[in-house]
Protein chains: 2
Amino acid sequence: MSDLRERRKLRTANTIRVAAVNLVHAQGLDNVTTDMISEAAGISPRTFFNYFRYKEAALLPPTPVFRQEAIDKFLQSRAKILDDLIELIVPLTQFFSENPKMFRKLFEISQTHPKLVMLKINAFHEFEEMVRRVIAKRLKLRDDAEKPILIAALVTTGIRIAMERWANDGSGTPDTEIKRTFEDIRTIFAQ
Amino acid sequence: MSDLRERRKLRTANTIRVAAVNLVHAQGLDNVTTDMISEAAGISPRTFFNYFRYKEAALLPPTPVFRQEAIDKFLQSRAKILDDLIELIVPLTQFFSENPKMFRKLFEISQTHPKLVMLKINAFHEFEEMVRRVIAKRLKLRDDAEKPILIAALVTTGIRIAMERWANDGSGTPDTEIKRTFEDIRTIFAQ
DNA sequence: TGCATGTTTTGCAGTATGTGCAACAAATAA
DNA sequence: TTATTTGTTGCACATACTGCAAAACATGCA
């Protein structure tokens with residue numbers, strides 16, 4: 001598998017994404033067909049489904065993945081797990097802070113249609129599973145043990161709210177919002 | 001609008017639900033068509049869509065609603081808001097603890113297909129919005145203020161995990177799992 | 001009872017999503 | 001150049017879902 005081919009595929013996927021986001025932003029999800037997106041992206045209708053399993057998938061940012069070194073560091077650390085998790089996750093928000101325009105457009109779109117709200121929520125849920133697995137590994141527990149499940153759910157919820165805060169008010173960076181949110185969470189449960 | 005008509009509609013909706021759950025449980029979501037469900041429920045294919053907007057909607061329990069008296073009590077209480085929220089929400093789980101078989105079947109199904117996982121998550125998200133509104137009212141804040149958003153998200157996450165715990169291990173009742181889960185959450189954030 | 005009214009169900013015709021398959025085109029390796 | 005691998009496309013098809021108007025049904029009232 002050559003490097004060129006891979007980059008070409010990434011570029012094509014991105015072209016489709018841009019076409020999809022723009023069309024949907026302008027006309028609404030229900031008024032945009034996969035044919036229109038393909039047309040705008042310069043590919044055949046069939047090819048659209050080679051890249052995305054369903055129409056709406058072109059409207060989501062690619063699933064983030066932890067860098068291996070970051071995982072290793074997290075697994076070996078003995079500091080508080082919540083702090084380490086935040087440190088592990090914050091770099092993933094870089095994609096958004098580097099493309100704030102695209103992100104806000106995506107965020108805006110995702111509020112216009114129940115289907116898209118659902119997909120956004122689902123993306124966080126998949127993220128939650130990834131976080132759960134890495135927590136289980138650090139705690140040397142099974143994937144489906146109670147502790148990893150609960151911590152992953154709470155942390156993901158915090159991240160979700162923090163990103164919403166950031167997308168809404170605009171000032172600051174994702175990571176300051178994340179820190180502020182988790183302080184708020186502590187306050188809520190401290191009594 | 002007579003009472004008879006209303007009850008008939010509820011009964012029909014339920015017939016469709018039962019047919020759908022059983023068929024999907026036996027054959028998997030992708031091998032069951034809306035035509036098959038309609039056939040099994042004794043209605044025409046077109047009528048299916050009079051009752052449910054999309055195929056999968058027949059596979060979800062009806063959205064729970066707070067009873068008005070419970071809301072009033074919650075709004076007027078001056079106790080700790082987290083405790084009051086739990087007290088407000090626990091009665092909603094009665095439907096499940098009263099129909100454990102149906103619930104477990106639903107729960108089982110919802111793990112077999114990404115689409116169904118997504119719908120389950122989405123159901124909790126809609127629940128979260130309901131909780132957020134009632135929190136905002138009690139705190140005399142806007143719906144989109146930070147505090148209601150955050151508290152609603154955290155509480156809903158706790159409930160979701162608690163219900164998963166209950167569905168998985170089987171013993172006990174939903175409300176004991178809810179209390180145990182929130183104690184665990186406190187522990188996680190107390191340091 | 002029998003008619004008039006409102007409601008629900010149904011059939012039909014049509015659009016869109018999404019899949020399998022086999023032919024084709026293009027890039028890469030030899 | 002030729003052989004091989006990889007990606008793209010067209011076609012045929014199943015299924016989801018909608019709008020509309022006719023038919024069937026239930027209900028309220030003379």
Side-chain angles (χ1 to χ4, degrees), chain A residues 1-21 23-24 26-60 62 109-110 112-119 122, chain B residues 1-21 23-24 26-60 62 109-110 112-119 122:
Chain A
M1 59 193 87
S2 90
D3 196 38
L4 271 175
R5 266 187 172 147
E6 223 163 305
R7 275 194 288 163
R8 211 176 101 81
K9 283 199 85 169
L10 281 180
R11 217 173 48 227
T12 305
N14 213 55
T15 307
I16 301 175
R17 257 189 255 277
V18 170
V21 170
L23 280 170
V24 172
Q27 320 199 25
L29 181 65
D30 291 333
N31 302 313
V32 174
T33 65
T34 54
D35 282 14
M36 289 161 70
I37 298 172
S38 312
E39 168 71 28
I43 52 161
S44 84
R46 184 63 185 81
T47 300
F48 177 90
F49 291 102
N50 289 343
Y51 281 86
F52 300 99
R53 289 200 33 179
Y54 41 94
K55 184 170 95 173
E56 295 83 359
L59 298 170
L60 291 173
I109 286 178
S110 83
T112 61
H113 201 289
K115 249 189 195 171
L116 297 178
V117 173
M118 192 153 89
L119 282 165
N122 189 53
Chain B
M1 60 194 86
S2 88
D3 196 38
L4 271 175
R5 266 186 174 149
E6 224 163 302
R7 276 195 287 163
R8 212 176 100 81
K9 283 199 87 168
L10 280 180
R11 216 173 50 228
T12 305
N14 213 53
T15 307
I16 300 175
R17 256 189 254 277
V18 170
V21 169
L23 279 170
V24 171
Q27 319 199 25
L29 181 65
D30 291 334
N31 302 314
V32 174
T33 66
T34 55
D35 282 14
M36 290 161 71
I37 299 172
S38 312
E39 167 71 30
I43 53 161
S44 84
R46 184 64 184 80
T47 300
F48 178 90
F49 290 102
N50 289 342
Y51 282 86
F52 300 99
R53 288 199 34 175
Y54 42 94
K55 182 170 97 171
E56 294 83 0
L59 298 170
L60 291 173
I109 286 178
S110 82
T112 60
H113 200 291
K115 249 189 196 170
L116 297 177
V117 173
M118 192 155 87
L119 281 165
N122 188 54

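Worth knowing before you read on, the calculation uses all heavy atoms, side chains too, and leaves out hydrogens, waters and symmetry mates.
- A/Phe52 comes within contact range of no nucleotide atom at all, as no heavy-atom separation falls under 4.0 Å.
- Remark: A/Lys55 fails to qualify as a cation-pi partner of A/Phe48 under the 6.0 Å distance and 45° angle criteria applied to the six-membered ring.
- Mapping A/Thr47 and B/Phe49 onto DNA chain D by nearest heavy atom places A/Thr47 at the nucleotide closer to the 5' end.
- Proximity of a side-chain donor or acceptor of A/Thr33 to a complementary backbone N or O of A/Met36 within less than 3.5 Å is detected.
- Side-chain to base pairing of B/Arg46 with D/dG19: one donor and one acceptor N or O lie within less than 3.5 Å of each other.
- A/Asp30 meets the side-chain hydrogen bond (donor to acceptor under 3.5 Å, both in side chains) test with A/His113; sequence neighbours excluded.
- Comparing C/dT28, C/dT19, D/dA16 by their closest approach to the side chain of A/Arg5 singles out C/dT28.
- Ranking D/dT8, D/dT18, D/dT9 by closeness to the B/Arg53 side chain, first place goes to D/dT18.
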Report each atom pair, protein N/O against N/O of nucleotides 2-4 of chain D, whose distance is under 3.5 angstrom.
none

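- One atom, CZ of B/Arg11, and another, P of C/dT8, lie 14 Å apart when rounded to the nearest Å.
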Dump the pairs, protein N or O against N or O of nucleotides 13-15 of chain D, anything under 3.5 Å, distances to one decimal.
none

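- Phosphate proximity of D/dG7 to A/Tyr51: absent, as no side-chain N or O sits under 4.0 Å from OP1 or OP2.
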